[in-house]
Amino acid sequence: MSEHFPALQVLLPVLTAPLCLLLRHPTLVRVLSLAVTVGCLGISLALMEQAREVGTVVYEFGNWPRPLGIEYAVDTTNAFVLVIVSMIAAVVLPIGCRNSQVPEGREYLFYSAFLLCFGGLLGVAITGDVFNIFVFLEISSLATYILIAMGRDRRAIMAAYSYLIVGTIGATFLLIGIGLLYQMTGTLNIADLAVRLEDVKETRTVIVAFAFAMVGISIKLAVLPLHHWLPNAYTHAPPVVSAFLSATATKVAYYLMLRFIYTILGAGFVFDVLQFDVILTPLSLAAMFIGSLAAIYQTDFKRLLAYSSIAQIGYMTLGLSLNSELGAAAGIVHLFNHALMKGGLFLVAGCVLLRVGSTAIVDMRGLGSRMPLTASALVIAGLGMIGVPGTVGFVSKWALVSAALDQQAWQITVLILLSSLLALVYVWRLIEVMYLTEAPEGAERREAPPLYLIPTWILVLASVYFGFNTESTLGVARAAAHQLLGGAG
Amino acid sequence: MSEEGPLSEAPEVDEARGHRQAPQVDLHGREGHTLSAAESARIPAVGEGWFEQPSNINKIIWALVAVCVASVGADLFSLYHKHGHYGFQEWIGFDAFYGFVSCVLLVLVAKQLRKVSMRDENYYD
Amino acid sequence: MTEGAALIDGGARLAAMLPPGWIMMLGALVVPLLRGPVRQGWMLALPVLGLFQMLALPLGSEMSATFFAYELELLRFDSIARAFGLVFHSAAILSVVYAMKNDSALEGSAALVYSGSAISAVFAGDLITLFICWELTAVSSVFLIWASGNERANRSGMRYLIVQVGSGVLLLAGTIIHYAETGSLAFDHLGLVGFGTGLIFVAFGIKAAFPFLHNWLQDAYPNATVTGTVFLSAFTTKLAIYALARGFAGTEILIPIGAVMAVFPIFYAVIENDLRRVLAYGLNNQLGYMVVGVGIGTEFALNGTVAHVVAHVIYKGLLFMSMGAVLYRVGTVKASELGGLYKSMPITTLLCIVGAASISAPLTGGFVSKSMIVSAAAEEHYTVVFLVLLLASAGAFLYLGIKVCFFAFFGQDRGFRVKEAPLNMLIAMGGAAALCLGIGMFPGTLYGLLPYPVDYVPYTVSHVVTILQLLLFSVLAFAFLRKAGLYPPELRSTLLDSDWIYRRMLPWINDGLAFAYNRAVDRGLGPARGLLSQVMSTVERIHRPDGVLGNPWPTGATTLWAAIMLFALLLLSY
Amino acid sequence: MTFLSNVAGLWNYWAVITLMMIGLYIMISRGNLVKKLMGMNIFQVSVIMLYVSMGKVAGGTPPILIEGAEDVAYSNPLPHVLMLTAIVVGVATTAVGLALVVRVKEAYGTVEEDEVVAIDQATDREEAAAARAAEAAHGEGA
């Protein structure tokens with residue numbers, strides 16, 4: 001059984017999705033999808049264990065050996081991503097599709113879309129075949145467009161449309177890149193590609209392939225100038241979807257970038273020959289500042305979170321652009337940490353939306369007394385965004401700063417700390433509104449239901465717990481980075 | 001709490017005896033503990049306490065003086081072996097003298113300090 | 001009942017795995033969820049449990065955790081830590097009893113976190129752990145001040161927080177530099193050997209209320225709540241003394257610093273009107289002894305310091321408790337408004353007298369502890385310091401003990417007729433008084449807890465008589481000055497202290513600079529300022545939801561950017 | 001190789017690039033949501049052609065095994081297979097896109113992006129103005 005875990009990891013949600021369409025019974029579907037996500041979480045944890053033990057777990061479909069067949073290959077890095085994705089899914093899914101346009105009795109559509117999206121993301125992370133990456137990316141993206149369009153506001157539809165156009169361009173660019181790589185090597189298997197590319201690396205075709213693939217992934221990752229699909233999508237999607245996507249979709253894209261740069265093309269080629277960091281570093285820094293500044297001036301809580309995500313993605317790509325093991329580890333650990341914090345914050349937004357009926361910041365006045373548990377969850381997760389010691393945010397910042405210092409990049413260190421101050425500003429704005437202004441008259445004092453609060457607090461408490469227990473996050477991230485950069489697995 | 005308010009507003013429960021009830025400042029707004037008339041009656045009136053009688057005060061002071069004299073007397077008549085790290089510690093009544101003088105000096109200096117450093121109560125507000 | 005017992009048993013096992021102090025910190029988180037007697041019981045159970053847990057640990061226990069690449073030593077259980085841990089736990093228990101009727105959940109949790117973090121700090125074996133606990137004490141304790149809920153306390157609390165957090169920042173900076181210099185994070189003897197340790201020294205000095213760094217103490221403590229001050233008086237400064245004793249024992253500069261500290265607050269104590277502030281000055285003065293003891297640094301002196309910390313925490317707590325009771329019942333602790341309370345609050349009066357006597361009188365804690373430091377100074381031939389400490393002994397006894405007792409409970413009867421302090425306060429005060437007397441009468445137990453072996457005998461006839469002379473003549477001097485009309489009357493006032501520098505002078509300088517700046521701007525720097533404000537407004541304009549960067553672009557624009565980025569990448573690679 | 005043979009010999013790539021550019025250009029320049037989708041389709045088709053043309057082996061036959069024949073050059077079948085998947089993905093994307101356009105038309109009454117964006121921005125501005133007004137009102141009240 002356990003040797004089939006890699007296949008089950010993806011097949012379980014992908015096959016359950018159509019089953020949900022057939023079953024239609026709301027409770028049944030809900031329980032089923034919940035069971036599937038929890039099962040996937042268990043599988044991913046088991047895979048993580050296996051990967052830490054044997055280095056890389058390889059699963060060959062139909063026993064066709066590499067490079068003929070499609071294989072799934074799980075090493076520490078993608079095991080970590082699998083854990084992130086399935087953990088967040090298992091935590092947020094119980095909330096379901098409240099606060100969305102889904103009419104009663106048709107919740108099964110939400111669940112099947114969610115499971116497809118979930119399975120697609122897992123597939124992207126787990127597969128060892130580049131074309132398979134494209135297919136799973138599109139599966140998850142198509143489901144994502146549907147999920148976003150389920151938002152309450154009509155702007156959700158337009159947001160989904162924009163994301164569809166932009167996302168398709170991204171995926172197609174990636175497809176072009178993959179095609180060109182295939183043209184040069186005749187293989188689609190990642191491990192095989194890496195070997196065969198050695199001889200033809202410096203050809204123009206490979207360079208063009210790299211450029212297309214990077215731009216394609218950057219769109220999915222929302223690297224600065226290509227990020228404009230993100231704020232609207234996250235703002236108008238149902239809160240659970242925002243929480244899930246912000247915590248997983250961009251993370252998987254980041255994983256892809258790592259995989260392309262480190263495993264397929266090689267860091268030496270990407271950074272020394274192509275000088276990718278010349279573009280990536282300024283874009284990351286710009287994202288950190290523009291994202292945070294834009295967050296400061298937003299009037300809507302969810303949109304504020306979306307812009308802050310752009311800034312946080314800047315931190316991740318900055319870690320990558322440092323081109324070192326420490327930098328990659330900082331990026332990987334921030335995947336996890338940001339997933340916890342931002343997932344928690346979007347769920348807080350869900351609580352607010354449920355009780356207040358809007359996520360406009362002015363409507364959150366006096367939330368500290370109206371919804372004390374929700375407000376305090378926001379504060380704790382917000383402290384994490386700033387990077388206060390004792391939260392996961394601090395772990396990320398610490399990892400990133402020490403990576404920057406390791407490269408003697410003083411100016412970058414200073415900029416990281418400065419941008420943290422900007423985070424302080426927008427978090428403080430929220431605290432001020434919630435605690436230091438009085439509630440509007442007639443506002444009801446009603447805490448969000450446990451269904452919302454429990455997942456929210458699980459993420460928030462986890463963000464504190466992992467602020468202290470760094471071994472299972474930073475330790476794993478360092479091991480993953482070590483393995484990625486070619487150290488002994 | 002305002003500085004003047006509670007004191008001037010304190011209810012006079014027993015004017016004849018010069019009693020007044022304190023306002024409750026409390027640990028966070030608990031009900032005040034107003035004394036019952038019986039309780040109030042048990043407490044001596046202003047000026048009637050034992051420690052307020054001038055004669056009693058004089059008794060205390062004389063007792064104090066007596067004890068002081070006795071303590072120095074112990075030195076004087078070498079009733080015990082006086083021991084110290086320094087020679088001056090073994091002088092008769094050194095500690096008594098030092099204690100008295102230093103206290104007087106401290107007070108006098110402090111009075112001067114008051115001229116320099118005293119400001120109105122609400123100086124910083 | 002059996003279920004309860006099982007629960008307690010399970011809890012105890014869990015607690016046994018935690019470093020001391022953590023039980024209180026973690027338990028404090030539950031406090032807001034509880035109500036009424038359950039909460040009171042819980043709050044009392046935590047420090048008691050913590051005490052038992054600590055006592056169950058064998059000397060030399062260690063506990064560590066990994067934080068990033070650093071090995072944190074969460075627990076280092078040696079005799080000096082044990083002594084501090086013991087007295088901190090006792091202080092926490094007494095303070096909790098004292099605060100039993102305080103039904104503010106926030107204050108209760110803050111007090112427990114504060115006590116717990118101070119205890120954890122004492123057991124910290126490395127500088128990072130120390131820093132974390134250090135900041136935790138700062139952040140948690142400020143709520144005890146803010147809980148007063150008035151404007152004055154709010155501002156005072158903010159000043160307190162800034163100073164305390166500032167101390168923590170210096171500690172962190174010092175730690176980092178020290179680490180860079182030596183590669184060690186261990187919190188052992190540091191000594192003033194470099195810039196890093198210098199910063200750490202100043203950080204400790206702020207919390208220990210060194211002269212000119214002291215004023216947060218007198219500023220904040222009297223503004224805390226009735227029960228909050230009792231907590232505050234026990235931990236922060238003594239934690240700093242512990243840190244100094246651990247890190248800087250034998251650093252000579254501490255001796256003059258301590259000597260000045262022992263004397264100058266007395267002058268203020270004499271003329272200060274707010275009796276809780278008088279006690280705060282007295283606290284500062286007694287810290288001076290401890291700093292001198294650390295500075296001398298011999299085994300005997302360090303023993304004296306630790307012993308004095310133990311005695312001082314208890315009796316100063318007792319004094320703050322009695323003044324708290326007065327404040328609680330009467331509504332003020334201004335000497336100019338109090339008097340004659342012995343009639344209404346006889347038990348409090350008696351206990352306060354015990355506390356005052358405990359500063360130095362024979363048969364009390366202060367007698368057996370403080371004299372060790374004074375003797376150590378003499379043994380090491382610091383003659384001037386010896387005389388200064390002797391003077392401070394007399395002064396402290398008089399102007400802290402006598403003054404506080406006299407003006408609050410005796411003196412001119414102001415007619416206040418109030419109830420005796422509540423039972424729980426009396427119990428707490430009684431417990432503290434019993435400890436004071438117990439330590440004073442049976443010093444062997446205290447001496448047994450000290451870090452080094454003790455062969456000091458406090459009760460020699462010579463010692464008792466000379467101290468009695470000193471103290472009796474202090475009282476005589478007080479009587480004499482009162483009779484002669486030389487004693488300064490109690491006046492309602494504010495005394496200028498070093499806080500004037502940041503509360504008045506800096507604002508003046510700031511205003512002056514701002515004025516000069518504005519003048520300069522009017523004269524020609526206007527364009528520069530205009531540019532700045534223009535930049536700021538531009539930043540806001542483009543990042544606002546309707547600005548270029550704060551607003552999602554249409555899909556076409558993003559597509560264009562994708563093309564541009566592709567082009568840029570290709571260009572770069574060719 | 002001369003420039004001319006470059007152009008002529010790689011004509012299939014030029015065709016692909018031209019199609020790709022047309023697709024991209026439509027997506028950038030056209031405001032009509034349906035036209036954008038069509039641009040996207042053209043763009044995707046160009047990629048499909050890229051794959052298919054790279055699978056062609058000069059002189060090769062279609063990749064159907066000929067019994068008994070030796071020395072037969074077959075074209076590479078894999079890109080074709082891959083493109084079957086890509087086509088399915090493309091169709092699905094277009095379907096979702098068109099469905100969204102229908103919903104946009106229902107919700108906004110138009111399928112022109114600039115008009116929809118204008119409506120959205122007006123909504124955003126109203127919300128922002130309401131927020132500012134609420135804040136100002138609160139400021140006065142406090």
Side-chain angles (χ1 to χ4, degrees), chain A residues 158-159 161-166 169-170 173 204 206-208 210-212 214-216 218-219 223-233 235 273-276 278-279 283 290-300 303 306-307 372 389-390 395 398-399 402 468-471 474-475 478, chain C residues 22 25 29 32-33 65-72 74 105-106 117 128-129 131-136 139 168-169 172 176 180 536-574:
Chain A
M158 197 54 204
Y161 179 86
S162 308
Y163 186 24
L164 181 133
I165 296 285
V166 177
I169 294 173
F173 271 24
R204 285 191 178 182
V206 174
I207 293 172
V208 173
F210 162 77
F212 270 106
M214 280 305 132
V215 175
S218 299
I219 289 177
V223 172
L224 182 69
L226 310 175
H227 66 279
H228 274 281
W229 59 269
L230 189 146
N232 266 354
T235 309
V273 181
L274 300 183
Q275 301 176 335
F276 187 42
V278 173
I279 284 193
L283 286 183
I290 292 177
S292 298
L293 279 172
I296 289 174
Y297 293 112
Q298 293 305 314
T299 52
D300 185 277
R303 197 184 285 271
Y307 276 104
V395 179
W398 175 285
S402 48
F468 289 102
N469 179 358
T470 54
E471 188 43 42
L474 198 58
R478 288 202 169 133
Chain C
W22 284 48
M25 283 195 274
L29 301 178
L33 303 178
T66 313
F67 186 69
F68 300 109
Y70 306 111
E71 191 75 7
L72 297 191
L74 297 181
L106 177 69
S117 51
I128 297 277
T129 312
F131 162 74
I132 293 170
C133 300
W134 198 262
E135 287 290 42
L136 211 53
V139 174
V169 170
L172 183 63
I176 292 170
M536 283 307 291
S537 71
T538 310
V539 166
E540 176 173 357
R541 205 177 57 245
I542 61 178
H543 286 100
R544 261 184 6 207
D546 47 357
V548 180
L549 291 175
N551 172 40
W553 304 331
T555 45
T558 314
T559 316
L560 187 60
W561 272 108
I564 291 171
M565 195 165 153
L566 181 69
F567 195 66
L569 266 178
L570 290 174
L571 211 63
L572 197 74
S573 334
Y574 268 90

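Proteins come first, then strands; the chains are lettered A, B, ... in the order of their sequence lines, and each starts at number 1.
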Please name the pair of heavy atoms, one in A:L230 and one in A:A306, separated by the smallest distance, quoted to 0.1 Å. CD2-O, 3.5 Å
Go through the atoms of A:F212 and report whether side chain, backbone, both or neither lie under 4.5 Å from a heavy atom of chain C. both
Is there a side-chain contact between C:M565 and A:L283 in this structure, where contact means two heavy atoms from C-beta onward sitting under 4.5 Å apart? yes
Out of curiosity, C:L569 CG to A:F210 CZ, how far, rounded to the nearest 0.5 Å? 5.5 Å
When the 4.5 angstrom heavy-atom criterion is applied to A:V273 and chain C, the contacting part is neither
A:L226 vs A:V215 side-chain heavy atoms within contact, under 4.5 Å: yes
Part of A:L274 within contact of chain C (heavy atom distance under 4.5 Å): both
Residue part contacting chain C, namely of A:S218, when any heavy atom lies under 4.5 Å: side chain
So for A:I219, is it side chain, backbone, both, or neither that comes closer than 4.5 Å to the heavy atoms of chain C? side chain
Nearest atoms (heavy-atom pairs only) where A:A294 meets A:Y307: CB-CD2, 3.5 Å
